[in-house]
Amino acid sequence: MLNEVLFYILSALILVSALVLISARRPIDAALSFIVTLVSIAALFALQGSSFLFATQIIIYAGAILALILFIIMFLNIQDKNLPDEPHKKRDITFSTLAVLPFTVVLISLINKSPLVDQALPYDLFGGIKDIGSVIFNDYLLVFELISILLLVSLIGAVSLAKEDKDVK
Amino acid sequence: MLSNYLTLSVILFSIGIIGVLSRKNIIVIYMSIELLLNAVNISLVAISNTLQSNEGQVIVLMIIAIAAAEAALFMALFVVLFRNKRSLDADIFNLLGEKNAS
């Protein structure tokens, strides 16, 4: 019972802050409401007992990625005149909502037809670091190594993209 | 119930698509793409907890790592684009498009 109430509170937080994100005019407002979304999603993971993913979501998303976004927004020193004019923002949002709505309705009705959905979630401590680690290092070792290479490539790519090109200028 | 989690995930995914489709500010578009990834994460974690299988959570970990790699590249792109055009408008960055298309 308590779990259900917590779930509804958290999903209301997630949806409201996501709506604020996509309608905010200044990027700093969008980033601050994105923090609320990410922390609420992390709390949703904790509610299901996925303790390791809870910690990862807080550390990597709400910590590292959001700090990077906020740092870049402040580093670029974005003034109001740098922001794009969006005179038809309300119209655009309405039309894209109409475009996405059929997809949402069909998917939700498909979800409710699935035989799996009536199961209650166990809500016990599950998915700790030991369980996940044993699955990664036994079955998914190759994926793990490939992702480390991907991170290295993106690090090098980011540095070489952002560095000032002295020869051209 | 699992259906609550999956419905929340679908609605969040739709909000992310609406953000990508309707906004022009590239930083807001980037954060909407992150919303899509997070919506998928919610459904994967709920399904993996229901089935008592850890593989879904491993996929979520991989998605979070890829999102971190993506974030670094996006930030470098923002710096380069803003340095060259002094704007965040997605419609200005049309160097690869046709000349007369607005």
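Just so it is clear: chains get the letters A, B, ... in the order the sequence lines come, proteins before strands, and each one is counted from 1.
Between chain A and the options B:Ser3, B:Ala67, B:Gly56, the largest number of non-hydrogen pairs under 4.5 Å is found for B:Ser3. Taking A:Ser114, A:Ala24, A:Gly133 one by one and counting their heavy-atom pairs under 4.5 Å with chain B, the maximum is reached by A:Ala24. Top candidate by heavy-atom pairs under 4.5 Å with chain B, chosen from A:Ser148, A:Ser154, A:Ser134, is A:Ser154. Top candidate by heavy-atom pairs under 4.5 Å with chain B, chosen from A:Thr56, A:Asn112, A:Leu21, is A:Leu21. When each of B:Val79, B:Leu61, B:Ile26 is checked for heavy-atom pairs under 4.5 Å with chain A, B:Leu61 comes out on top. For the set B:Thr7, B:Leu35, B:Val20, the count of heavy-atom pairs under 4.5 angstrom toward chain A peaks at B:Leu35. For chain A, the option among B:Asn25, B:Ile66, B:Leu77, B:Val28 with the highest count of heavy-atom pairs below 4.5 Å is B:Asn25. Among the candidates A:Ile65, A:Leu151, A:Val135, A:Ile14, the residue making the largest number of heavy-atom pairs closer than 4.5 Å to chain B is A:Ile65. The candidate from B:Asn4, B:Val60, B:Leu21 with the greatest count of non-hydrogen atom pairs under 4.5 Å with chain A is B:Asn4.
The CG atom of A:Leu66 sits 9.0 Å away from the CD atom of B:Glu34 when rounded to the nearest 0.5 Å. Here the CD1-CG distance, from B:Ile47 to B:Leu6, works out to 5.0 Å after rounding to the nearest 0.5 Å. To the nearest 0.5 Å, the span separating CG on B:Leu73 from CD1 on A:Ile156 amounts to 11.0 Å.
There is no contact between B:Phe74 and chain A, counting heavy-atom distances below 4.5 Å. With a 4.5 angstrom heavy-atom cutoff, A:Leu68 touches chain B via backbone and side-chain atoms both. For A:Arg25, the part sitting under 4.5 Å from any heavy atom of chain B is the backbone (N, CA, C, O) and nothing else. Proximity to chain B involves both the backbone and the side chain of A:Ile69, based on heavy atoms less than 4.5 angstrom apart. Of the two parts of A:Phe95, neither the backbone nor the side chain holds a non-hydrogen atom closer than 4.5 Å to a non-hydrogen atom of chain B. For A:Ile111, the part sitting under 4.5 Å from any heavy atom of chain B is the side chain, from C-beta outward, and nothing else. At a 4.5 Å heavy-atom cutoff, B:Ala90 makes no contact with chain A through either its backbone or its side chain. For A:Asp139, the part sitting under 4.5 Å from any heavy atom of chain B is the side chain, from C-beta outward, and nothing else. Residue A:Ala64: no heavy atom, backbone or side chain, is found under 4.5 Å from chain B. Residue B:Ile27 touches chain A through its side chain alone, counting heavy-atom pairs closer than 4.5 Å. For chain B, the nearby part of A:Ile41 is the side chain; its heavy atoms alone come within less than 4.5 Å. Looking at A:Ile72, the atoms closer than 4.5 Å to chain B (heavy atoms on both sides) all sit in the side chain, from C-beta outward. Only the backbone of A:Lys163 comes within less than 4.5 Å of a heavy atom of chain B; no side-chain atom from C-beta onward does. Contact annotation for A:Ile60: only side-chain heavy atoms (C-beta onward) come within less than 4.5 Å of a heavy atom of chain B. A:Thr97 touches chain B through backbone and side chain together, each having a heavy atom under 4.5 Å away. With a threshold of 4.5 angstrom between heavy atoms, B:Val80 approaches chain A through side-chain atoms but not through N, CA, C or O.
Looking at heavy atoms from C-beta onward, B:Leu37 lies in side-chain contact with B:Glu70 at the 4.5 angstrom threshold. By the 4.5 Å heavy-atom criterion applied to side chains, B:Ile17 and B:Phe13 are counted as neighbours.
A salt bridge is absent between B:Asp89 and B:Lys24; no separation between the charged side-chain nitrogens and carboxylate oxygens falls under 4.0 Å.
A:Phe7 and B:Tyr5 have tilted rings, their planes meeting at an angle from 30° to 60° on a 0 to 90° scale.
Using a 4.5 Å cut-off between side-chain heavy atoms of Ile, Leu, Val, Met, Phe, Trp and Tyr, with links allowed through other members, B:Leu51 and B:Val45 fall into the same hydrophobic cluster.
A:Phe52 has its ring centre no less than 6.0 Å from the ring centre of A:Phe45. For A:Phe75 and A:Phe71, the distance between ring centers is under 6.0 angstrom.
Across all non-hydrogen atoms, the minimal contact from B:Ser32 to B:Gly16 is CB-O, 3.6 Å. Among all heavy-atom pairs drawn from A:Ala42 and A:Phe54, the shortest one is O-CD1, 3.1 Å.
The 12-atom threshold is exceeded at CG of A:Asn138, counting heavy atoms of other residues, nucleotides or ligands nearer than 6.0 Å.
Every residue two or more places apart in sequence or in another chain was checked for a salt bridge (charged side-chain N to carboxylate O under 4.0 Å, His left out) with A:Lys89, and none qualifies. Shown here are the salt bridge (charged side-chain N to carboxylate O under 4.0 Å, His left out) partners of B:Arg86, two or more places apart in sequence or in another chain: there are none.
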